[in-house]
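Data first, discussion second: the structure below is written as structure tokens.
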Amino acid sequence: MRIERHPIIEFVNGPMVKFHFEGRELEGFQGEPIAAALHAAGVKVLSHSPHLGRPRGFFCAIGNCSSCLMVVDGRPNVRVCVERLAAGMTVERQRGRGRLAPAAPAAGGEARCG
Amino acid sequence: MTSDVAVVGAGPAGLCAAIAAAERGARVAVFDRERPPGGQLIKQTHRFFGSAREQAGTRGIDIARQLGARLGALPAATLFSDTTVLGFYPDRVLLAERDDEIIKCRAERFIFATGAAERPLAFPGNDLPGIYGAGAVQTLMNVHGVRPGRRVLMVGSGNIGLIVSYQLLQAGVAVAAVVEALPHIGGYLVHAAKIRRAGVPILTAHTVLEAHGADCLEAATIGCVKDFGPVPGTGRRVECDVMCLAVGLSPLGDLMWEAGCRMVFCPELGGHVAWRDADMQTSVPGVYVAGDAAGIEEASSAMAEGRLAGLASAASLGLISGDEYRRCRAEVLAELDRLRGGPTAQKIREGLARLSFGPAGGGMSAGMDAETISAQLLETGAPGPADVARATPPPGRLARGPVAVVECFQRIPCDPCAVACKRGAIAPFADINDLPRIDHDACDGCGTCISRCPGLAIFVVDESRPDAAVVRLPCEFLPLPRPGDEVSALDREGRPVATGRVVRVQSGRALDRTAVVWLEVPRGTGMVVRHFVAGAGPAGGLAHE
């Protein structure tokens with residue numbers, strides 16, 4: 001699904017890194033949005049809707065619409081269309097609204113809600 | 001932190017605002033949630049329309065780089081990338097977040113250039129993965145280099161729908177069709193002609209009725225529209241794994257609402273926009289707007305509005321003298337008037353009138369050029385016989401040797417062709433919305449204009465040889481053919497009409513990625529052939545369904 005040659009654009013990518021998705025090991029370019037790496041690997045379903053469990057993909061790809069919320073390294077409600085991929089990340093499909101892990105005492109200062 | 005001017009958004013409007021203010025000595029902080037700067041410009045592979053004196057003829061991606069470099073060279077300006085503005089407070093403080101840290105910025109003046117968001121469309125199954133905003137697909141494809149899928153149904157024929165369809169073809173993705181609920185094409189007709197000759201149908205008075213698929217989009221049902229409703233019994237199935245929604249944009253006005261700006265509902269400008277005066281200042285003193293956030297328009301207008309807001313904020317801080325500001329302002333307003341003067345900007349003029357200050361100048365021709373553009377062109381995007389007849393050089397001239405054929409039928413603000421012609425065969429424009437006027441006898445068929453036309457609407461035709469005609473076609477697709485290759489020559493509707501032989505390919509640096517392919521075709525087809533593909537015919541379209 002990657003574009004190898006383009007008539008107008010030259011793509012400059014970071015190094016290829018490995019990450020984990022639902023028990024699989026996938027590859028993507030470091031620094032690209034997680035959603036782009038997933039899409040390049042053929043993954044379009046990013047989460048399931050809270051009430052009916054309908055499959056959800058991204059819609060706006062610029063962080064506006066929250067259609068792409070996933071669980072990244074245990075953190076729910078991450079907009080993967082704008083969250084950048086890093087080596088070794090664990091990315092999971094989100095079901096429902098997501099649940100925050102209990103606040104670690106050392107984390108301090110971070111806003112907690114929901 | 002403190003600054004003189006805080007700019008929210010580093011798209012075309014925000015960058016131009018920041019540059020204008022910082023050049024006048026204001027300390028400027030620019031906040032943008034993306035990286036690199038440029039907003040939607042970084043996704044635009046096509047050359048921009050507008051005035052060659054400004055940035056017409058330059059591709060959006062290159063304008064983004066140029067503006068980013070200009071801002072970066074100004075010591076008075078600081079760009080905060082990957083930084084999301086969260087709120088505006090009445091004591092003139094902006095709150096922003098970067099890397100989970102809060103930035104507080106107190107400023108004298110604020111320029112909100114926050115852009116717009118894509119609208120969704122309601123139909124059964126519209127939440128299936130594979131159904132994306134057209135801009136989202138542009139981001140995925142042109143920023144991150146990932147194809148959205150194999151076969152796309154485009155919904156909406158405004159400029160975004162047409163441009164993204166073309167960009168999908170450039171990325172090697174088939175486009176099944178463009179559907180448009182209105183009875184005529186919404187965007188620039190030169191954009192429509194580019195995808196039509198590549199074999200993509202544009203179905204006006206059609207819309208999407210339903211999306212099908214288990215986990216992801218697999219197909220869609222489209223149908224005819226009459227009086228804003230579907231026509232029963234007209235549904236047909238289109239196989240597609242991606243659907244792009246290009247059904248309009250809404251200005252992102254959150255900060256303006258929060259600041260207490262007086263908001264006006266202007267459907268012609270995309271929804272609620274902040275009222276502002278002729279200096280782009282809102283009803284809240286010291287708060288300015290520019291670009292799509294101030295009303296949906298083209299990027300060229302956004303840049304001009306940004307410049308105006310930047311100048312106005314600097315002037316209000318005493319950094320520009322009153323006389324100097326009035327002179328600069330008159331220049332920018334005149335440019336905006338020109339950009340908004342043509343028939344395609346009718347809606348924008350109506351929206352601005354609702355804000356009670358429309359363009360001051362002339363050139364206010366109304367309507368859709370209905371007198372001169374054929375119904376076929378308006379409804380299908382492919383020039384019809386009457387349009388082609390107007391563009392055709394006299395028979396004697398065609399037989400005498402190569403000559404430029406300008407297939408530009410709609411009055412849009414664009415003039416690079418006249419500047420490109422070194423022989424003066426294309427007359428200088430009195431108004432930027434003029435149609436090009438070419439003196440075929442003065443034209444020597446040099447072909448410089450082919451790759452300079454942002455609409456890729458100029459061709460060179462040579463019917464002087466007894467054995468074959470030669471057409472020169474602009475080409476922005478890979479792989480480029482090689483001399484000697486046999487290709488399928490297509491007409492303006494993407495139908496194979498002959499076998500063509502490539503005789504020459506120009507692709508030098510001066511052509512800036514618009515190659516010119518010289519194609520030998522049967523005698524008499526020089527005014528018919530407008531595109532080509534390797535193999536038998538185009539990959540997109542609905543023909544096999």
Side-chain angles (χ1 to χ4, degrees), chain A residues 1-14 28-68 75 78-85 93 107-111, chain B residues 33-35 39-40 42-46 59 61-62 82 84 100-101 115 117-118 120 125-133 135-150 167 170-173 213-217 241-242 245 252 475-480 512-515:
Chain A
M1 296 289 260
R2 300 262 181 200
I3 302 169
E4 291 79 32
R5 285 183 69 213
H6 193 282
I8 310 295
I9 306 166
E10 273 180 54
F11 298 105
V12 182
N13 294 310
F29 291 116
Q30 182 180 313
E32 74 178 343
I34 295 168
L38 287 173
H39 208 285
V43 177
K44 290 184 180 177
V45 179
L46 306 179
S47 64
H48 290 87
S49 65
H51 295 297
L52 300 177
R54 305 250 317 156
R56 285 275 182 273
F58 68 83
F59 178 74
C60 77
I62 51 171
N64 273 349
C65 75
S66 293
S67 177
C68 64
R75 193 160 53 105
V78 175
R79 297 169 303 166
V80 294
C81 74
V82 289
E83 187 77 15
R84 295 174 196 277
L85 182 69
R93 288 193 175 117
E110 209 172 322
Chain B
R33 64 183 177 184
E34 301 287 331
R35 186 182 61 196
Q40 301 308 303
I42 66 169
K43 305 159 194 181
Q44 311 305 331
T45 58
H46 63 286
R59 300 181 193 278
I61 47 174
D62 297 326
D82 288 325
T84 306
D100 289 334
E101 290 199 356
E118 296 195 276
N126 73 346
D127 60 344
L128 277 172
I131 302 177
Y132 305 134
V137 162
Q138 223 179 14
T139 307
L140 185 72
M141 183 166 70
N142 294 349
V143 179
H144 306 303
V146 177
R147 288 192 186 89
R150 287 182 304 277
Q167 293 173 353
Q170 286 184 313
V173 181
D215 256 359
C216 290
L217 180 70
D241 61 344
V242 176
L245 301 184
L252 283 173
C475 177
E476 294 182 337
F477 296 102
L478 290 181
L480 282 177
D512 184 25
R513 293 160 282 174
T514 305

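Labels below follow one simple rule: chain letters A, B, ... track the order of the sequence lines, proteins then strands, and each chain is numbered from 1. Worth saying up front: this structure is predicted, and the values here are computed from it rather than measured.
Counting heavy-atom pairs closer than 4.5 Å to chain A, the top residue among B:Leu478, B:Val137, B:Ile131, B:Asp215 is B:Leu478. With chain A as partner, the option from B:Glu118, B:Gln170, B:Glu34 having the largest number of non-hydrogen pairs under 4.5 angstrom is B:Gln170. Ranked by non-hydrogen atom pairs under 4.5 Å with chain A, the options B:Thr139, B:Leu140, B:Leu217 are led by B:Leu140. With chain A as partner, the option from B:Thr84, B:Asp241, B:Thr514 having the largest number of non-hydrogen pairs under 4.5 angstrom is B:Asp241.
Both the backbone and the side chain of A:Phe58 come within less than 4.5 Å of a heavy atom in chain B. For A:Val12, no part lies under 4.5 angstrom from a heavy atom of chain B. For B:Leu245, the part lying under 4.5 angstrom from a heavy atom of chain A is the side chain only. Of the atoms belonging to B:Asn126, not a single heavy atom falls under 4.5 Å from chain A. Residue B:Val173 does not touch chain A at all, counting heavy-atom pairs closer than 4.5 Å. Both the backbone and the side chain of B:Thr45 have a heavy atom closer than 4.5 Å to some heavy atom of chain A. For a residue to count as touching a neighbouring chain, one of its non-hydrogen atoms must lie under 4.5 Å from one of that chain's; by this rule B:Arg59 touches chain A with the side chain only. In this structure, chain A has no heavy atom under 4.5 Å from any part of B:Ala515.
Side-chain contact check for A:Arg56 versus B:Pro129: every heavy-atom pair is 4.5 Å or farther apart. For the pair A:Asn64 and B:Leu252, the minimum side-chain heavy-atom distance is below 4.5 Å. At least one side-chain heavy atom of A:His39 sits under 4.5 Å from a side-chain heavy atom of B:Tyr132. The side-chain heavy atoms of B:Asp127 and A:Ser49, taken from C-beta on, include no pair separated by under 4.5 Å. Put simply, the side chain of A:Glu32 does not reach to within 4.5 Å of the side chain of B:Val143, judged on heavy atoms. Contact annotation: the side chain of B:Arg33 approaches that of A:Ile62 to within less than 4.5 Å [non-hydrogen atoms, C-beta and beyond].
A:Phe29 contributes atom CZ, which lies 12.5 Å from atom NE2 of B:His144 (distance to the nearest 0.5 angstrom). The distance from the CD atom of B:Glu476 to the CD1 atom of A:Ile8 is 4.0 Å, given to the nearest 0.5 Å.
Of all heavy-atom pairs spanning A:Phe59 and B:Ala136, the tightest one is O-CB, 3.0 Å.
A salt bridge links A:Arg84 with B:Asp82: at least one charged nitrogen is closer than 4.0 Å to a carboxylate oxygen.
A donor-acceptor contact shorter than 3.5 Å is absent between the side chain of A:Arg2 and the backbone of B:Val146.
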